[in-house]
Amino acid sequence: MNLRLDLAYHGAPFRGWQRQPDVVTVQGELENALSKVVKAEVATTAAGRTDAGVHALGQVVSCEVPYVVDLAGLRDSLNGMCGPAIA
């Protein structure tokens, strides 16, 4: 199942969007949460990226998950796992 996620995030706790080793990033946190929810590794692609400390509203992200998911349940799970910095 292909997903489009629209995110908002407060960038202060992150070293930018893009996944990087040994630092906390928005992409890294989102992929970790997605992978836990669907119980499979998930890679995301964003329409753009931000630098360290930069906030976003309406960041568009896509990913593929291995099966059809309940979208409302996925949203609620991700908000619970990533919030309050990422929603």
Side-chain angles (χ1 to χ4, degrees):
M1 177 177 195
N2 290 316
L3 300 176
R4 172 188 165 149
L5 307 172
D6 295 339
L7 303 179
Y9 53 87
H10 185 276
F14 302 107
R15 295 292 304 229
W17 162 262
Q18 190 170 358
R19 180 183 342 100
Q20 300 176 53
D22 303 321
V23 296
V24 178
T25 67
V26 178
Q27 184 179 32
E29 293 298 299
L30 178 61
E31 288 178 350
N32 288 340
L34 278 164
S35 295
K36 287 178 185 174
V37 172
V38 302
K39 297 177 177 51
E41 192 168 323
V42 176
T44 60
T45 302
R49 63 184 199 193
T50 54
D51 292 328
V54 176
H55 314 308
L57 178 62
Q59 173 74 40
V60 178
V61 178
S62 66
C63 65
E64 189 170 325
V65 296
Y67 54 87
V68 176
V69 296
D70 168 44
L71 297 177
L74 177 65
R75 179 201 58 219
D76 293 346
S77 294
L78 291 176
N79 283 340
M81 295 172 80
C82 296
I86 302 172

Tell me, please, which residues at least two apart from D22 pass salt bridge (Lys or Arg N to Asp or Glu O under 4.0 Å). none
Please give me the minimum heavy-atom distance between Q59 and A46, naming the atom from each residue. NE2-CB, 3.3 Å
Applying ring pair (Phe, Tyr, Trp, His ring centres under 6.0 Å) as the test, list every pair that has at least one member in residues 27-54; sequence neighbours left out.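 For residues 27-54: none.
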Determine whether the side chains of T44 and Q27 contain a donor N or O and an acceptor N or O closer than 3.5 Å.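 Their side chains do contain a donor-acceptor pair, which is all the 3.5 Å distance test asks for.
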Could you note down all residue pairs passing salt bridge (Lys or Arg N to Asp or Glu O under 4.0 Å) where residues 63-87 supplies at least one of them, sequence neighbours left out?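 Applying salt bridge (Lys or Arg N to Asp or Glu O under 4.0 Å) to every pair that reaches into residues 63-87, excluding sequence neighbours, yields nothing.
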Who else is in the cluster with L71 when I, L, V, M, F, W and Y are joined by side-chain contacts under 4.5 Å? M1, L3, L5, L7, Y9, F14, W17, V24, V26, L30, L34, V37, V38, V42, V61, V65, Y67, V68, V69, L74, L78, M81, I86
Grouping ILVMFWY residues whenever side-chain heavy atoms fall under 4.5 Å, the cluster of L57 otherwise contains none
Who passes salt bridge (Lys or Arg N to Asp or Glu O under 4.0 Å) against E31, sequence neighbours left out?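 Salt bridge (Lys or Arg N to Asp or Glu O under 4.0 Å) list for E31, sorted by chain: R19.
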Give a yes or no on whether D51 atom CG has more than 12 heavy-atom contacts from other residues, nucleotides or ligands under 6.0 Å away. no
If you compare all heavy atoms of A40 against all heavy atoms of P66, which two are closest, and at what distance to 0.1 Å? CB-CG, 3.8 Å
Applying side-chain hydrogen bond (donor to acceptor under 3.5 Å, both in side chains) to Q18 and not counting sequence neighbours gives R49
side-chain contact (heavy atoms from CB on, under 4.5 Å) partners for H10, two or more places apart: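 Once residues adjacent in sequence are excluded, the partners of H10 under the side-chain contact (heavy atoms from CB on, under 4.5 Å) criterion are A12, P13, H55.
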